[in-house]
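Because only heavy atoms are used, hydrogens play no part in the values below, and waters and symmetry mates are left out as well, while side chains stay in. Values in this document were obtained by computation on a predicted structure and should not be read as measured data.
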Amino acid sequence: MEQIVKTSRLIAEFMGYEVIPYQHNEYRPIYNGNRFAKTIGEQKLLWGGLDLQFTGRFTENATYPFDSDFNYLIPVIKQIEEQGFVVAIKGISYQVYKVMDEQNPIVSLVCGDLSKKTKMTCDLIVSFIEHLNTKL
């Protein structure tokens, strides 16, 4: 459970959400105040129309299956690529590198189990976000 919360928190912050603990419970955070989405409709559009649980302008008690549903990773990959990086998923190789700099990946993972493709992509994204956070 702790890893799921860490992953959700990293991705939510990367996507521009302010993370607020829900009733002092770190396992039930609220993601509020996205700098790109000011209404519920805009928040749904930000996540590619995926159905999230909304209460007012808050995303409350939402569980984001980043490690098991690739649809939730698409908006995050898009955000990474809009910042001048490439997310490359090639067979058993997973990399993030700057555009036109494929020879020097920032993050690189390898897994021979193709059934773990979504999980490995999630791990790649988390590693990349952690790398970015250390650079700031």
Side-chain angles (χ1 to χ4, degrees):
M1 182 66 140
E2 216 171 291
Q3 184 61 35
I4 294 169
V5 171
K6 179 184 173 192
T7 297
S8 292
R9 182 176 299 270
L10 274 172
I11 292 174
E13 288 173 348
F14 177 76
M15 293 298 288
Y17 280 90
E18 176 185 1
V19 180
I20 304 166
Y22 178 66
Q23 295 179 350
H24 308 289
N25 183 348
E26 65 187 57
Y27 297 110
R28 296 177 65 193
I30 296 173
Y31 303 98
N32 184 29
N34 183 285
R35 65 179 176 258
F36 302 112
K38 302 302 178 201
T39 67
I40 292 170
E42 289 172 332
Q43 287 182 347
K44 282 186 179 180
L45 284 175
L46 180 72
W47 289 100
L50 294 171
D51 188 26
L52 304 176
Q53 298 174 18
F54 288 98
T55 305
R57 289 181 59 204
F58 298 94
T59 305
E60 180 178 70
N61 302 331
T63 55
Y64 299 99
F66 293 114
D67 62 343
S68 61
D69 187 345
F70 202 82
N71 292 315
Y72 282 83
L73 295 174
I74 296 295
V76 184
I77 291 170
K78 183 179 173 190
Q79 180 98 345
I80 291 170
E81 291 185 341
E82 286 174 351
Q83 294 181 15
F85 299 96
V86 174
V87 177
I89 303 164
K90 304 176 197 171
I92 64 169
S93 172
Y94 307 82
Q95 295 181 334
V96 177
Y97 53 86
K98 284 191 174 248
V99 172
M100 304 299 289
D101 196 12
E102 186 175 351
Q103 301 305 315
N104 298 307
I106 296 166
V107 179
S108 182
L109 302 174
V110 175
C111 179
D113 186 350
L114 294 177
S115 69
K116 295 184 179 181
K117 199 170 250 333
T118 303
K119 169 96 173 82
M120 290 303 298
T121 303
C122 179
D123 291 348
L124 176 75
I125 288 169
V126 168
S127 296
F128 175 72
I129 293 170
E130 287 173 341
H131 171 80
L132 279 184
N133 290 344
T134 61
K135 292 286 186 182
L136 297 178

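The salt bridge (Lys or Arg N to Asp or Glu O under 4.0 Å) contacts involving residues 107-118 comprise nothing, where partners must be two or more places apart or lie in separate chains. The stretch residues 95-110 participates, sequence neighbours left out, in these salt bridge (Lys or Arg N to Asp or Glu O under 4.0 Å) pairs: Lys90-Glu102.
Put simply, OG on Ser115 and CE on Met120 are 11.0 Å apart, with the number rounded to the nearest 0.5 Å. If you take CD1 on Ile125 and CD on Gln79, they are separated by 11.0 Å, rounding to the nearest 0.5 Å. Phe85 contributes atom CZ, which lies 7.0 Å from atom NE2 of His131 (distance to the nearest 0.5 angstrom). To the nearest 0.5 Å, atom CZ of residue Phe66 and atom CG of residue Asn71 are 12.0 Å apart.
By the salt bridge (charged side-chain N to carboxylate O under 4.0 Å, His left out) test, Glu81 pairs with no residue at all, sequence neighbours left out. Partners of Ile92 under the side chain to side chain contact (heavy atoms under 4.5 Å, CB included) rule, at least two apart in sequence or in another chain, are Val110, Leu114. Taking Asp67 as the reference, nothing meets the salt bridge (charged side-chain N to carboxylate O under 4.0 Å, His left out) condition, with sequence neighbours excluded.
What you find for Tyr94 and Leu124 is that their closest heavy atoms are O-CD1, 3.6 Å.
The other residues sharing a hydrophobic cluster with Val99 are Val86, Tyr97, Met100, where clustering joins ILVMFWY side chains under 4.5 Å apart.
If you run side-chain contact (heavy atoms from CB on, under 4.5 Å) between Thr121 and each of Ile77, Val126, Leu109, only Ile77 comes through.
Within the 4.5 Å cutoff, the side chain of Asp123 has heavy atoms near those of the Lys119 side chain.
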